[in-house]
Amino acid sequence: MESIRWLLAAAGVEFEEEFLETREQYEKLQKDGRLLFGQVPLVEIDGMMLTQTRAILSYLAAKYNLYGKDLKETVRINMYADGTQDLMGMIMMAAFKPPEEKEENIALIVTKAKTRYFPVFEKILKDHGEDFLVGNKFSWADVQLLEAILMVEELSASVLSDFPLLKAFKARISNIPTIKKFLQPGSQRKPPADSRYVAVVRHVLQF
Amino acid sequence: LFSKDGSLMFQQVPMVEIDGMKLAQTRAILNYIAAKYNLYGKDIKERALIDMYSEGMADLNEMILHLPLCPPHEKDAKMTQIREKTTNRYFPAFEKVLKSHGQHYLVGNRLSRADIHLVELIYYVEEIDPSLMAIFPLLKALKTRISNLPPVKKFLQPGSQRKPPVDAKALEEARKIVNK
């Protein structure tokens, strides 16, 4: 789950990254006062030290005009984004569960995707017949949904088989130039969490 | 009932009916209300600060919310965690914000949702352990100031729509309804 990278990439914004590999790096970051609650991710932008993923995402969405044209569009974008974040959060957490629980967890997530989340978005697209989720314009909600779709497909390749509009949506959004570039090898996109990644996170954050 | 008629977007509560919409997702609802009633800062930078502070408060709030759900043998550990996070992570951050600008509100010298969320949180913390507030004089002063604002004062009085702290029994009832 890397929603901040996705949004920056979608907006065509260039960014530098600093990765935490050791506990010492993290403690140093905490000591130098840039982390409001001692937590990452941290995005330094426009003179601010922004932490809290949702705060960062909302700021970027607003700054790069991916947040709707009025409050009513914004609230729909928020609702859809929050829903996809719930789904992606489940997938992230699954990587940290014991191996014997993995299969059961994955099955549960795929079921939730197919019964709770994807039907909602399929219906939204069906009801208005437009290319994007909100306001007939590309927004943060579209980026989040694409990320969520790709994450679930990593668990179950055929998960979109009953969702023709989501399939078309996925193809369409993937073809937007900034997104297309992000999906290509060599971009700043990261691979799915593997055991090495989980080990590094556990070591740095100590849990 | 609500689940089947499609009123609940992701089959979850809370759901707020407002301005012809059925809104789901707590954060989306709060963002809408805050923006509509001018409690969200004057620009996107103030908004980012308000969001950052509010998200931290939501994290602490969530820990406190889960306390009644703890089985008795885990309660002490949970309480220790809440005390530790309140004292070392969250409240020092907000005390420092108030200290750094010396203003009456967290952001932009003006009331925002961040002040409301923080005061709500302070009330919960005081219910758990009032002694935790001793080292946060500016937060205490904020609580007093915000509590005296007419609409807040009214909400704090008996007979308002404010709900009592969740107890284990009520939570168990709620779980039966929403559990799938």
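Values below: all heavy atoms of this structure, side chains included; hydrogens, waters and symmetry mates excluded.
When every heavy atom of Asp82(A) is checked against every heavy atom of Ala28(B), the shortest pair comes out as OD2-N, 3.5 Å.
Heavy atoms closer than 4.5 Å to chain A are found in the side chain of Arg47(B), but not in its backbone. At a 4.5 Å heavy-atom cutoff, the contact between Lys36(B) and chain A is made by backbone and side-chain atoms alike. Looking at Met21(B), the atoms closer than 4.5 Å to chain A (heavy atoms on both sides) all sit in the side chain, from C-beta outward. Proximity to chain A is limited to the side chain of Asp59(B), based on heavy atoms less than 4.5 angstrom apart.
In this structure, Gln25(B) CD and Gln85(A) CD are separated by 8.5 Å, a value rounded to the nearest 0.5 Å.
Other residues, nucleotides and ligands contribute at most 12 non-hydrogen atoms within 6.0 Å of the NZ atom of Lys154(B). Taking a 6.0 Å sphere around CD of Glu104(A), one finds it holds 12 or fewer heavy atoms contributed by other residues, nucleotides or ligands. Within a 6.0 Å sphere centred on CD of Glu14(A), heavy atoms belonging to other residues, nucleotides or ligands number 12 at most. Within a 6.0 Å radius of CD in Glu18(A), other residues, nucleotides and ligands contribute 12 heavy atoms or fewer. The neighbour count for Lys153(B) NZ, taken as heavy atoms of other residues, nucleotides or ligands under 6.0 Å away, does not exceed 12. Residue Glu103(A) places its CD atom among 12 or fewer non-hydrogen atoms of other residues, nucleotides or ligands, all under 6.0 Å distant. A 6.0 Å sphere centred on NZ of Lys137(A) holds no more than 12 heavy atoms belonging to other residues, nucleotides or ligands. Enclosure of atom NZ in Lys96(B) is not indicated, since only 12 or fewer non-hydrogen atoms of other residues, nucleotides or ligands lie within 6.0 angstrom.
Residue-level contacts of residues 32-53 of chain A with chain B, in order of numbering, are Leu36(A), Phe37(A), Gly38(A), Gln39(A), Asp46(A), Met48(A), Met49(A), Leu50(A), Thr51(A), Gln52(A); threshold 4.5 Å between heavy atoms. Heavy-atom neighbours of chain B within the stretch residues 54-76 of chain A, taken at a separation under 4.5 angstrom, comprise Arg54(A), Ala55(A), Ser58(A), Tyr59(A), Ala62(A), Lys63(A), Tyr67(A), Leu71(A), Lys72(A), Val75(A).
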